[in-house]
**Student:** 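First, the structure itself, so that you have it in front of you.
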Amino acid sequence: MFSKKIFFLGFLMLASGLFAQQSGTVEPEFLKFTNSKWVDSIMKKLSPDERVAQLIMVAAYSNRGEEHRQEILKLIEEQKIGGLVFFQGDPVSQAELMNDYQLVSEVPLLGAIDAEWGLGMRLDGTISYPFQMSLGAVQNDSLLYEMGQEVARQVKRSGLHINLAPVVDVNNNPGNPVINFRSFGEDRENVSRKGIAYMQGMQSEYILTTAKHFPGHGDTDTDSHLALPQINHSRQRLDSIEMYPFRQMIRAGIGGVMVAHLDIPSLDSSGVPSTLSKKIISDILKDSLDFRGIVITDAMNMKGVTKGKEPGVVDEEALVAGNDLLEFTEDVPRAISEVRKAVKNGLITQQQIDNRLRKVLALKQWVGLDKYEPTSLENMMQDLNNPQAVYLNHQLAEASVTLLNNGLLPLRRLDTLKVASISVGAEKQTEFQDYLELYTEVSHFQLPADAGKKQIDSIKEQLENYNLVILGLHDHSKFPRNTIQYSEENREFLKSVFQQKNVITALFKNPYTINDLENIEDSPVLIASYQDSQITEEVAAQLIFGGIGASGKLPVSIGQKFRAGDGISIDGIGRFQYTVPEAAGMNSEVLVPQIDSLMQDAISQKAIPGGVVLVARNGKVVFHKAYGLHSYSDTIHVEKDDLYDLASVTKISSALPAVMQLYDQGKFDLQAGIDDYLPYFKNSNKAGVPFRQILAHQARFKPWIPYWQNTLRKNGSFKWNTFQKDSSARFPTKVTEELWLHKNYKHQIFKAIKQSPLEKEAKYKYSGLLFYLLPSIVENLTGDDFRHYIRSEFYDRLGATTLGYEPMERFQLDRIVPTESDFFFRHQVIHGRVHDEGAIMMGGVSANAGLFSNANDLAKLMQLYLNMGEYAGERFISEETLKEFSKVQFPENDNRRGLAFDKPNLEYIGEDNNTAKDASSESFGHTGFTGTMVWMDPQEQLLYVFLSNRVLPTRENTRLYRLNTRTKIQQALYDAIKTGK
């Protein structure tokens with residue numbers, strides 16, 4: 001008997017499995033609770049009126065004050081409504097109100113919200129993910145699943161249980177005023193896949209998902225908020241296109257479906273809105289499509305359903321038609337009364353109402369309301385804007401960007417380009433333009449949407465000086481409408497520019513506007529970004545320069561210009577990508593507060609007046625932030641693109657890359673001596689000393705020579721053949737406005753180096769003497785001016801346009817951070833010229849010191865080192881050479897140094913170590929006297945740049961060393977990696 005029972009149960013399970021496979025439908029999970037003990041217990045408590053009230057959800061706002069709050073409380077206490085649909089406000093106020101409302105409700109309330117692109121659709125201070133048109137371009141549907149999960153977590157965190165999303169209308173009408181960018185596109189399969197992925201992500205987190213707007217609102221040019229749209233397609237067409245995504249969603253287990261306000265004669269010839277149509281809801285949605293979840297009306301205050309209907313009456317008709325939940329009921333007492341009349345008149349039975357109520361209560365149990373607890377308000381905003389959620393937003397934006405034409409990307413030879421950018425529809429420099437200039441020098445122009453001939457002619461004249469034009473088409477409206485409001489003069493200008501061979505166009509608007517811009521399809525490069533936001537502008541700029549690739553596909557057709565599915569896939573070429581720490585496996589919640597705290601502590605203790613920190617990992621810049629002021633006494637805040645004196649970081653940033661390149665070419669020998677390349681040093685104590693020993697600081701050279709002191713008489717005045725107060729042919733080298741150095745004094749510096757004695761013992765001793773000589777060695781080996789050589793061979797090719805000597809030749813003084821108040825040599829604040837006395841006496845050009853840069857451009861050269869000689873697909877230095885120069889040379893002599901590069905101490909010595917404890921033995925870098933530091937760790941593919949002016953007002957300020965700020969920040973990077981997700 002027992003075995004027969006087992007067999008029978010097994011047969012039933014097999015049979016049910018076969019049926020499920022045949023029907024292909026997954027039943028909504030919450031339905032398992034329809035006859036639970038908790039649902040039964042609630043049913044027993046409710047009167048007939050209260051059972052109707054449980055099917056009603058009214059509109060609630062968290063930004064309307066106490067009067068509105070009292071109105072909602074009254075409806076809950078007196079009418080016993082079942083739920084609320086929240087609209088505008090902020091999440092903390094919303095959660096606080098929902099807690100209050102739940103407190104007075106005898107049956108826990110359902111809370112719903114329209115969060116199609118996240119809570120940002122309704123609530124201030126929350127994340128807005130890309131609109132669904134953008135998501136339609138994404139080829140990796142798992143990202144939409146992750147988005148569904150994250151949106152669900154945020155909805156839940158804000159105290160709610162239902163997301164009235166996603167839109168699965170097939171947008172096959174470009175003129176659709178209400179769906180349009182809210183749709184995944186015109187392809188029914190793509191819409192279905194995206195909708196299912198989004199839905200499954202949300203429902204995995206126990207949030208009811210609502211596919212809308214059944215039976216399909218895509219092919220209409222009327223806004224149902226304002227009037228009743230009519231769709232005149234055959235039943236066959238509606239089945240195959242409009243209803244197709246809903247059918248697929250139902251089969252995949254969607255828990256809710258929202259019915260649209262539409263007049264569809266082929267489905268119901270009576271002319272009633274679909275929301276009130278029994279044929280559409282009961283016969284088609286519930287019976288034909290076998291939907292067993294919850295049917296929710298679209299808002300019952302919209303003109304598409306209310307025209308000619310009284311509030312309350314229209315709600316009764318919706319319930320009779322088959323809806324399970326009424327959204328935005330405007331007259332709750334009247335609605336309850338009308339439904340009770342309908343029961344009495346036989347239009348709907350009490351059993352039907354009870355069955356619907358059981359589904360609603362089952363949903364409440366599924367979302368956890370049977371064990372309701374108030375929503376915590378603590379840390380809500382941090383939770384809603386968590387780093388993983390922010391990272392996901394970046395991923396979606398990057399995955400959606402679509403390359404429709406490509407004749408130029410990614411840009412490679414930056415040194416051959418003179419770039420102008422024009423933001424059309426913008427009044428000031430855009431985020432897009434800000435990000436373009438992270439890659440190279442770009443001249444920026446703006447053309448307002450209503451620009452006239454005079455403005456346009458001025459720009460056209462200036463464009464003749466450039467060989468590449470980058471257009472950004474903006475309007476900065478809240479939503480990407482399918483219209484573009486440009487003046488005729490703008491349109492004519494763009495029409496001509498699009499057809500030029502050196503133009504890149506980035507469209508930050510609805511892709512349908514492509515059809516409204518003549519010749520845009522001829523643009524050699526055309527990028528569709530779908531919407532105008534900070535992230536989309538960042539992403540487009542990064543795509544242009546090869547920081548990222550493109551994989552998006554157009555989700556809609558654009559007239560005869562482009563078809564749905566168009567899109568050119570390209571890979572990035574390894575220039576910096578600018579993103580968030582999570583993109584590189586680092587934890588923002590560790591990285592950001594630790595760096596912020598350490599920098600603020602250093603500033604508050606007057607170790608530095610300010611500074612800039614940049615962190616990159618795996619070629620991705622994940623942290624770049626400015627702190628403090630230029631000096632303690634002024635009000636100029638440090639900006640990320642400000643230039644700092646790099647001091648001894650110059651050693652590895654100027655002559656060293658040239659030396660490594662020449663080493664690759666066989667022109668520079670590490671076993672040779674200075675005299676082999678500078679004959680002047682023959683017959684000196686420096687002759688024959690190998691460069692390997694010199695570069696490793698093990699050549700017995702003196703650490704430094706105070707050259708400026710050799711220019712003084714005993715009374716403190718300058719010798720007649722050294723300095724004069726005015727420039728002349730004999731005194732051409734500017735040290736200050738009133739201090740000009742003799743033209744031959746460079747020879748005196750060489751002479752001082754040549755004659756300087758050697759240390760007694762050949763052990764590690766840091767020396768800068770060689771680096772005064774290296775520019776001349778490079779010039780002798782290349783036959784080129786040193787500055788021109790390193791600029792043309794490295795800086796210009798890297799797009800490191802701020803990296804160089806004598807910054808005042810190219811930049812305004814307010815972009816250059818001052819260094820020391822020099823009271824012993826120059827007798828002034830050093831601002832705009834090199835701090836190092838020897839370097840300024842070399843005309844500001846030395847390999848010992850003299851370079852200035854912002855953090856971003858310096859990081860490009862350091863990334864080249866970290867990549868072992870390669871950057872952006874170009875090989876600058878061989879991998880073998882970088883490995884040779886960056887390794888420890890003489891460990892047996894207790895010397896940690898590489899060739900010019902610094903390395904970690906051979907043994908960790910505690911808090912005073914020169915690097916973070918977790919820095920690998922492979923890591924290398926350099927520090928600078930002014931408070932700078934760069935460090936690269938190949939083991940973690942980690943890059944760290946620290947710029948400051950700790951010597952202001954005096955070099956005697958060593959608090960930065962005592963606080964060990966730079967090293968502690970470096971350790972924070974490793975902590976962020978260890979805790980990264």
Side-chain angles (χ1 to χ4, degrees), residues 412-418 440-441 467 646 649-670 672-681 691 694-695 732-734 743-747 749-750 753 768-811 834 836 838-853 857-858 860-862 864-865 869-872 874-878 881-882 885 899-900:
R412 292 186 182 272
R413 287 298 303 272
L414 300 185
D415 54 322
T416 67
L417 299 177
K418 191 165 173 55
T440 192
E441 185 175 1
N467 61 11
L646 301 184
V649 172
T650 300
K651 290 180 173 67
I652 66 168
S653 306
S654 60
L656 185 64
V659 165
M660 288 191 284
Q661 191 179 73
L662 292 166
Y663 177 79
D664 276 338
Q665 296 167 2
K667 297 178 181 180
F668 184 86
D669 186 355
L670 286 169
I674 297 172
D675 53 309
D676 289 305
Y677 303 122
L678 291 177
Y680 174 73
F681 280 83
F691 276 106
I694 304 172
L695 288 168
T733 304
K734 186 177 184 178
K743 64 179 181 179
N744 293 331
Y745 201 81
K746 178 179 176 181
H747 175 72
I749 292 176
F750 278 36
I753 294 173
L769 299 190
L770 169 68
F771 294 90
Y772 289 94
L773 311 176
L774 281 178
S776 295
I777 292 173
V778 170
E779 289 180 343
N780 289 347
L781 291 174
T782 64
D784 197 358
D785 172 74
F786 174 68
R787 289 178 68 179
H788 178 267
Y789 183 81
I790 59 172
R791 189 176 66 247
S792 61
E793 288 294 318
F794 293 96
Y795 305 160
D796 288 350
R797 290 168 64 189
L798 291 169
T801 55
T802 65
L803 183 56
Y805 294 100
E806 292 295 312
M808 286 200 298
E809 294 176 359
R810 297 175 295 140
F811 302 100
V834 60
D836 182 82
I840 194 63
M841 294 176 74
M842 293 283 288
V845 181
S846 164
N848 185 63
L851 279 182
F852 286 72
S853 182
D857 284 343
L858 178 59
K860 294 171 187 175
L861 180 61
M862 298 304 113
L864 181 154
Y865 293 158
E870 185 271 338
Y871 186 77
E874 287 190 75
R875 174 63 61 182
F876 291 76
I877 302 165
S878 74
T881 294
L882 244 304
F885 274 68
L899 296 174

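Side chains are part of it too, since the values below use all heavy atoms of this structure and drop only hydrogens, waters and symmetry mates.
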**Student:** Under 3.5 Å, is there a donor-acceptor pair between the side chain of Lys651 and the main chain of Phe771?
**Tutor:** no

**Student:** Quick one: does Leu414's side chain get under 4.5 Å of Arg797's, heavy atoms only?
**Tutor:** no

**Student:** Any side-chain heavy atom of Leu678 sitting closer than 4.5 Å to one from Ser776?
**Tutor:** yes

**Student:** Is the shortest side-chain heavy-atom distance between Ile877 and Phe885 below 4.5 Å?
**Tutor:** no

**Student:** Report the distance from atom CD1 of Ile777 to atom CD1 of Ile674, rounding to the nearest 0.5 Å.
**Tutor:** 6.0 Å

**Student:** Is it true that, when you exclude Glu441 itself, more than 12 heavy atoms of the residues, nucleotides or ligands shown sit nearer than 6.0 Å to its CD?
**Tutor:** no

**Student:** Are any non-hydrogen side-chain atoms of Tyr789 and Leu662 less than 4.5 angstrom apart?
**Tutor:** yes

**Student:** Can you check whether Phe681's main-chain N or O pairs, donor with acceptor, with Asp675's side chain at less than 3.5 Å?
**Tutor:** no

**Student:** Does Ser878 offer a backbone N or O that forms a donor-acceptor pair with the side chain of Asp664 under 3.5 Å?
**Tutor:** yes

**Student:** So Leu646 and Ser853, side-chain contact (heavy atoms from CB on, under 4.5 Å) or not? Walk me through it.
**Tutor:** CA-CA 7 Å; Leu646 301 184; Ser853 182; 4.0 Å; yes

**Student:** Measure the shortest side-chain to side-chain distance between Thr881 and Gln661 over non-hydrogen atoms and say whether it is less than 4.5 angstrom.
**Tutor:** no

**Student:** Under 30°, 30 to 60°, or over 60°: which ring-plane class applies to Phe668 and Phe691, parallel, tilted or perpendicular?
**Tutor:** tilted

**Student:** Does a side-chain heavy-atom distance below 4.5 Å link Leu417 with Asn467?
**Tutor:** yes

**Student:** Can you list the steps and then say if Met841 with Ser846 is a side-chain contact (heavy atoms from CB on, under 4.5 Å)?
**Tutor:** CA-CA 9 Å; Met841 294 176 74; Ser846 164; over 6 Å; no

**Student:** Val834 and side-chain contact (heavy atoms from CB on, under 4.5 Å): which single residue from Val845, Leu851, Ile840 fits?
**Tutor:** Ile840

**Student:** For Phe786, give me all partners under ring pair (Phe, Tyr, Trp, His ring centres under 6.0 Å), at least two apart in sequence or on another chain.
**Tutor:** none

**Student:** Looking at every non-hydrogen atom in both residues, tell me the closest pair between Ala655 and Ala847 and how far apart they are.
**Tutor:** CB-CB, 3.6 Å

**Student:** So, taking the atom named NZ in Lys860 and the one named OG1 in Thr440, what distance separates them when rounded to the nearest 0.5 Å?
**Tutor:** 6.5 Å

**Student:** Which atom names give the shortest non-hydrogen contact between Ser653 and Met862, and what distance separates them?
**Tutor:** OG-CE, 3.5 Å

**Student:** Between Tyr680 and Phe750, what is the ring plane arrangement, given parallel below 30°, perpendicular above 60°, and tilted in between?
**Tutor:** tilted

**Student:** Distance from Thr650 atom OG1 to Leu656 atom CG, nearest 0.5 Å?
**Tutor:** 11.5 Å

**Student:** Could you state the interatomic distance from CD1 (Ile790) to CG (Asp785), rounded to the nearest 0.5 Å?
**Tutor:** 9.0 Å

**Student:** To the nearest 0.5 Å, tell me how far His788 NE2 sits from Glu793 CD.
**Tutor:** 9.0 Å

**Student:** Donor-acceptor pair, distance only, cut-off 3.5 Å: does the side chain of Asp676 make one with the backbone of Gly673?
**Tutor:** yes

**Student:** Taking C-beta and beyond as the side chain, do Leu798 and Leu864 meet within less than 4.5 Å on heavy atoms?
**Tutor:** yes

**Student:** Regarding Arg787 and the six-membered ring of Tyr805, is the cationic atom NZ or CZ under 6.0 Å from the ring centre and inside 45° of its axis?
**Tutor:** no

**Student:** On a heavy-atom basis, which atom in Ile652 and which in Leu861 lie closest, and how many Å separate them?
**Tutor:** O-CD2, 4.4 Å

**Student:** Which is it for Asp784 and Glu779 under the side-chain contact (heavy atoms from CB on, under 4.5 Å) test, yes or no, and what are the steps along the way?
**Tutor:** CA-CA 5 Å; Asp784 197 358; Glu779 289 180 343; over 6 Å; no

**Student:** When you measure from the side chain of Asp857 to the backbone N and O of Thr801, does any donor-acceptor pair fall under 3.5 Å?
**Tutor:** yes

**Student:** Measure the shortest side-chain to side-chain distance between Phe794 and Leu803 over non-hydrogen atoms and say whether it is less than 4.5 angstrom.
**Tutor:** no

**Student:** Any chance you could measure Tyr772, atom OH, to Lys746, atom NZ, to the nearest 0.5 Å?
**Tutor:** 13.0 Å

